[in-house]
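Nothing here was measured: the structure is a model prediction, and the numbers come from that model.
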Amino acid sequence: MKKALLISDSHNQNEEMMAAVEYFSEVDAIFHMGDIGNAKRLLESRARCLTYVVRGNTDHDYDLPEFVLIEFAGKRVLATHGHRYVDYGGVDSLRYYGEENQADVVLFGHIHRPVLIDTGTMLICNPGSTSRPRQRDRCTTCAVLSVEDDGTMSIEHYDIYEESAGSYAIEPYTISQEYY
């Protein structure tokens with residue numbers, strides 16, 4: 001089985017992002033879906049695996065790619081910030097973008113809300129935001145993509161919260177489908 005940590009919209013507020021990186025230190029890859037600010041080097045220095053970071057609409061590092069399309073554990077994974085494809089009411093354009101690229105998984109950020117949609121042929125996921133969540137409960141979230149040896153995929157979301165000063169806890173998070 002292979003696993004990837006999914007993060008987005010950290011906006012230079014890195015405590016929760018780094019807590020997730022430490023907690024999920026045994027993953028095979030990390031995808032950050034943009035609005036990372038100037039923390040790309042920090043993320044890469046603490047990660048114990050390959051990291052993929054795409055440029056968000058507030059990122060000024062123009063060396064970051066608009067999207068990443070790679071094979072991960074035998075699945076085509078497309079990661080983008082999403083600001084060119086998604087609005088706050090749906091993901092149809094993002095789904096079409098994934099279909100055009102024959103993606104098995106489409107990862108996006110931008111809306112600061114956790115989303116998981118299974119179209120039957122593709123998973124579409126927003127891990128939420130590790131800094132400025134916009135869903136009703138305001139939980140900072142990340143997600144983990146798992147690909148089993150038989151090709152079965154799943155994505156789990158996690159709540160990242162401060163337990164005590166500087167100490168973070170991470171627990172499974174249930175997504176409300178109130179926005180999609």
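Using a 4.5 Å heavy-atom cutoff, the side chains of Lys40 and Leu64 are in contact. In this structure the side chain of Cys49 reaches within 4.5 angstrom of the side chain of Ile30, judged on heavy atoms. For the pair Asp159/Cys139, a side-chain contact is recorded, criterion being any heavy-atom separation below 4.5 Å from C-beta on. Under the 4.5 Å side-chain criterion, counting only non-hydrogen atoms from C-beta, Tyr97 is in contact with Phe67. Side-chain contact check for Val147 versus Thr152: every heavy-atom pair is 4.5 Å or farther apart.
Note on Glu99 versus Arg95: salt bridge recorded, some NZ/NE/NH1/NH2 to OD/OE distance being below 4.0 Å. A salt bridge links Arg84 with Glu66: the distance from a Lys NZ or Arg NE/NH1/NH2 to an Asp or Glu carboxylate oxygen falls below 4.0 Å.
When hydrophobic clusters are built by joining Ile, Leu, Val, Met, Phe, Trp and Tyr residues whose side-chain heavy atoms come closer than 4.5 Å, directly or via intermediates, Met122 is grouped together with Ile117. Leu50 and Phe72 fall within the same hydrophobic cluster, defined by Ile, Leu, Val, Met, Phe, Trp and Tyr side-chain heavy atoms under 4.5 Å apart, directly or through other members. Grouping the Ile, Leu, Val, Met, Phe, Trp and Tyr side chains by contacts below 4.5 angstrom, directly or via other members, places Leu107 with Leu116. Under the 4.5 Å side-chain heavy-atom criterion for Ile, Leu, Val, Met, Phe, Trp and Tyr, Ile70 and Leu5 are members of distinct hydrophobic clusters.
For the 3.5 Å distance criterion, the side chains of Asp35 and Thr58 qualify, holding a donor opposite an acceptor. In the model, His32 has a side-chain atom that pairs as donor or acceptor with a side-chain atom of Ser10 under 3.5 Å. Side-chain atoms of Tyr173 and Asp137 form a donor-acceptor pair, as typed in the model, at a separation below 3.5 Å. Side-chain N/O atoms of Glu22 and Tyr168 include no donor and acceptor closer than 3.5 Å.
A tilted orientation is assigned to the rings of His81 and His83, their planes being inclined by 30° to 60°.
Separation of the Tyr158 and Phe24 ring centroids falls under the 6.0 Å cut-off. Between Phe31 and Tyr52, the distance separating the two ring centers is shorter than 6.0 angstrom.
To the nearest 0.5 Å, the span separating OG1 on Thr140 from CD1 on Ile160 amounts to 5.0 Å. Of the inter-residue distances, the one linking Leu123 atom CG with Leu145 atom CG reads 7.5 Å to the nearest 0.5 angstrom.
Among all heavy-atom pairs drawn from Val54 and Ala79, the shortest one is CG1-O, 3.5 Å. Residue Asn14 comes nearest to Ala39 through the heavy atom pair OD1-CB, 3.4 Å, listed as atom of the first residue, atom of the second, then distance. Gln135 and His112 make their closest contact through OE1-O, 3.4 Å (heavy atoms, listed as atom of the first residue, atom of the second, distance). Across all their heavy atoms, Val53 and Leu43 have their closest contact at CG2-CD2, 4.0 Å. Across Ala103 and Leu78, no two heavy atoms sit closer than the pair CB-CB, 4.0 Å. Scanning all heavy atoms of the two residues, the minimum distance from Ser8 to Gly34 falls at OG-O, 3.8 Å.
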- Message: side chain to side chain contact (heavy atoms under 4.5 Å, CB included), that's the test. Do Leu94 and Ile124 meet it? Break it down for me.
- Response: CA-CA 8 Å; Leu94 191 64; Ile124 301 173; 4.0 Å; yes

- Take Glu16 and Tyr161 through the side chain to side chain donor-acceptor pair (under 3.5 Å) test and state the conclusion after the steps. CA-CA 7 Å; Glu16 286 87 348; Tyr161 62 94; over 6 Å; no

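Residue-environment remark: NZ (Lys2) stays at or below the threshold of 12 foreign heavy atoms within 6.0 Å. For Arg138, the CZ atom counts as densely surrounded, since its 6.0 Å shell holds more than 12 non-hydrogen atoms of other residues, nucleotides or ligands.
Using a distance-only test at 3.5 Å, with no hydrogens or angles considered, no donor-acceptor pair links the side chain of Asp61 to the main chain of Arg55. Judged purely by atom type and a 3.5 angstrom limit, Ser45 uses its side chain to pair as donor or acceptor with the backbone of Leu42. Proximity of a side-chain donor or acceptor of Ser131 to a complementary backbone N or O of Asp9 within less than 3.5 Å is detected. The main-chain N or O of Gly166 is found under 3.5 Å from a side-chain atom of Glu162 such that the two form a donor-acceptor pair. Looking only at distances, a side-chain donor or acceptor of His157 sits under 3.5 Å from a matching main-chain atom of Asn126. Using a distance-only test at 3.5 Å, with no hydrogens or angles considered, a donor-acceptor pair links the side chain of Asp59 to the main chain of Gly37. Distance alone, capped at 3.5 Å, is enough to place a donor-acceptor pair between the Asp28 side chain and the Lys3 backbone. Checking side-chain atoms of Arg76 against main-chain N and O of Asn101 turns up a donor-acceptor pair under 3.5 Å.
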